[in-house]
There are 2 protein chains.
Amino acid sequence: MTEVVRVLLADDEHLIRGALAALLSLEDDLVVVAEAASGPEALAMARAHAPDVAVLDLQMPGADGVKVATSLRTELPGCQVLIVTGHGRPGHLKRALAAGVRGFVPKTVSAQRLAELIRTVHAGNRYVDPELAADAISAGDSPLTAREAEVLELAADGAPVAEIAERAALAEGTVRNYLSSAVTKLGAENRHAAVRLARERGWV
Amino acid sequence: MTEVVRVLLADDEHLIRGALAALLSLEDDLVVVAEAASGPEALAMARAHAPDVAVLDLQMPGADGVKVATSLRTELPGCQVLIVTGHGRPGHLKRALAAGVRGFVPKTVSAQRLAELIRTVHAGNRYVDPELAADAISAGDSPLTAREAEVLELAADGAPVAEIAERAALAEGTVRNYLSSAVTKLGAENRHAAVRLARERGWV
DNA sequence: TCGAGTGTCTGACATTTGTCATGCCCGGCG
DNA sequence: CGCCGGGCATGACAAATGTCAGACACTCGA
């Protein structure tokens, strides 16, 4: 095929972004048309250059890769999104797929493999790293109800119950109840351990 | 100068390591003689190839960059160490300098700049990213006493006071006292926030 | 329609945590 | 020597947290 794939590269680590751009440029059928160091910048660049494929880091300042992907989905339906992540957590994978992301891989893949994957998603196919997929499946669905998750999130930064109650417009007893319920469901020792677990599994 | 600098590259993210190797090879006076994806592997590679400069990621499986640097210091005194980090925290910087590391920079630097820094540390000079240095200085020394730090560390994973008391062979009241003291000194809301703060500043 | 099951919400009670006043020991200093 | 000052350690008390039983609304099948 003689078609050229136009790629947007977004990663806050200049070292990686530059190196990656150089390596991908070695592929005849790939051309990096834009680079970005943050979520909002990635969006702006995408609007300006309308790339075929956007390669997004999961962790970026401003808005993370999934949020950017969500916006791109509506603004540029023709642009396929491939997310790369340093230390992937299952929950993000689920969010990412829900946002219409076509590919999700850890940064442990080789540049050669990444180039292949860019072609894969450009062709309209999906690819998810098998290990990350296995993690996501073993983590399963969140056992938390909507309120439980909401309250747990508010408790994330160690705020006292009174503050959580005020922000959620609930009685303190109710907040304690939800926290207790969430802690039990997650099999955690206390609310803080529960927050950690929920974070790891992408349930908050 | 016609001398060639022999470089060891260690990073668990294959994508970055490969890309970096390619970019650094473009420099005439730099040659990547070995790559590693983990702490122990980095040590083994260093022993086998005796590089002039070791470029180590801070976060790696097995042993982190600082631990590797400590070992290298005694085994290969002629090998200078340059640490790169994704999201640098002041405490690590202090540990790194104590371990004899010559350079410490975030991954937001460009490859060009990294090449310069490899030459800098090879020449025996030091370089620390100004922003990271400022963070470390503003963080200052730990105000915690030995016992306070010990108890705070035991409290890190959300264990209840009774368990901490048992593991530290202290009365529960004493444990509460140290935690309270640590929380006050750190200006935190509660023990968990204190753990976070101490972690960020490298005090535990 | 009506009963079972589930989610939401609350207050009362037991447990855990945070704070305070206090005593002990040790090293430095007048 | 005698007397601080600081770190270590403790128990008592107040405040926050975790646990429990139960009320209400809503959905889904029988």
Side-chain angles (χ1 to χ4, degrees), chain A residues 91 94-95 98 139-204, chain B residues 91 94-95 98 139-204:
Chain A
K94 206 172 304 176
R95 283 202 303 134
D141 276 345
S142 173
L144 304 177
T145 68
R147 287 277 187 264
E148 282 164 359
E150 180 186 342
V151 169
L152 195 59
E153 197 158 11
L154 288 172
D157 52 0
V161 171
E163 186 179 324
I164 300 171
E166 188 181 7
R167 292 218 271 167
L170 289 175
E172 295 191 14
T174 310
V175 171
R176 279 196 282 276
N177 185 289
Y178 286 148
L179 288 175
S180 179
S181 171
V183 165
T184 302
K185 284 179 179 175
L186 297 179
E189 282 296 318
N190 54 43
R191 66 169 73 176
H192 305 282
V195 168
R196 268 216 321 277
L197 280 172
R199 279 263 155 86
E200 281 173 15
R201 298 176 191 178
W203 291 340
V204 292
Chain B
K94 207 174 303 174
R95 284 201 304 133
D141 276 344
S142 173
L144 304 176
T145 67
R147 287 277 187 265
E148 283 163 359
E150 180 187 341
V151 170
L152 195 60
E153 197 156 10
L154 287 172
D157 51 0
V161 170
E163 186 180 324
I164 299 171
E166 189 181 6
R167 291 217 271 168
L170 289 174
E172 294 191 13
T174 310
V175 171
R176 278 197 285 275
N177 185 287
Y178 284 147
L179 288 175
S180 179
S181 171
V183 166
T184 304
K185 283 179 179 174
L186 297 179
E189 282 296 318
N190 53 43
R191 68 170 69 178
H192 306 281
V195 168
R196 269 214 321 274
L197 280 172
R199 278 265 154 86
E200 281 173 14
R201 298 176 191 176
W203 291 340
V204 290

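In the text below, chain A, chain B and the rest are named by the order of the sequence lines, each starting its count at 1.
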Asker: Considering residues, nucleotides and ligands other than A:Arg196, do more than 12 of their heavy atoms fall under 6.0 Å from its CZ?
Answerer: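 Yes, because the 6.0 Å sphere around CZ of A:Arg196 holds more than 12 heavy atoms from other groups.
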Asker: Show me the donor-acceptor pairs, under 3.5 Å and distance only, between side chains in residues 180-192 of chain A and residues at least two apart or in other chains.
Answerer:
from     : atom 1 : to       : atom 2 : distance (Å)
A:Ser181 : OG     : A:Glu148 : OE2    : 2.5
A:Thr184 : OG1    : A:Ser180 : O      : 2.9
A:Lys185 : NZ     : A:Pro143 : O      : 3.2
A:Lys185 : NZ     : A:Glu148 : OE1    : 2.9
A:Lys185 : NZ     : A:Glu148 : OE2    : 3.2
A:Asn190 : OD1    : A:His192 : N      : 3.1
A:Asn190 : OD1    : A:Ala193 : N      : 3.0
A:Asn190 : ND2    : B:Gly158 : O      : 2.4
A:His192 : NE2    : B:His192 : NE2    : 2.9

Asker: List in chain and number order the residues that pass side-chain hydrogen bond (donor to acceptor under 3.5 Å, both in side chains) with B:Arg176, two or more places apart in sequence or in another chain; answer none if no residue qualifies.
Answerer: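 With neighbours one apart ignored, the set is empty.
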Asker: May I have the distance from B:Asn190 (atom CG) to C:dT19 (atom C1'), rounded to whole angstrom?
Answerer: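 To the nearest whole Å, that distance equals 14 Å.
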Asker: Using a heavy-atom distance cut-off of less than 4.0 Å, which residues of residues 168-189 of chain A contact DNA chain C?
Answerer: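 Contacting residues: A:Leu170, A:Ala171, A:Gly173, A:Thr174, A:Asn177, A:Tyr178.
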Asker: Which residue pairs pass the ring pair (Phe, Tyr, Trp, His ring centres under 6.0 Å) test with at least one member in residues 141-172 of chain B, sequence neighbours excluded?
Answerer: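 Applying ring pair (Phe, Tyr, Trp, His ring centres under 6.0 Å) to every pair that reaches into residues 141-172 of chain B, excluding sequence neighbours, yields nothing.
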Asker: For a quick test of reading the model, state the closest non-hydrogen atom pair linking B:Ala198 to B:Leu152 and the distance between them.
Answerer: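 Reported closest heavy-atom pair: CB-CD2, 3.8 Å.
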Asker: Please identify each residue that fulfils side-chain contact (heavy atoms from CB on, under 4.5 Å) with B:Glu163, with sequence neighbours left out.
Answerer: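 By the side-chain contact (heavy atoms from CB on, under 4.5 Å) rule, B:Glu163 matches B:Ala159, B:Pro160, B:Arg167.
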Asker: Among all residues two or more places apart in sequence or in another chain, which pass the side-chain contact (heavy atoms from CB on, under 4.5 Å) test with B:Val151?
Answerer: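 B:Val151 satisfies side-chain contact (heavy atoms from CB on, under 4.5 Å) with B:Ile164, B:Leu170, B:Val175, B:Tyr178, B:Leu179 only.
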Asker: Can you sort out the partners of A:Glu172 under side-chain hydrogen bond (donor to acceptor under 3.5 Å, both in side chains), two or more places apart, ordered by chain and number?
Answerer: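 Not a single residue meets the side-chain hydrogen bond (donor to acceptor under 3.5 Å, both in side chains) criterion with A:Glu172.
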Asker: Going 5' to 3' on DNA chain D, which nucleotide is the first and which the last to come under 4.0 Å of a heavy atom in chain A?
Answerer: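 For DNA chain D, the relevant span reads D:dT17 to D:dA21.
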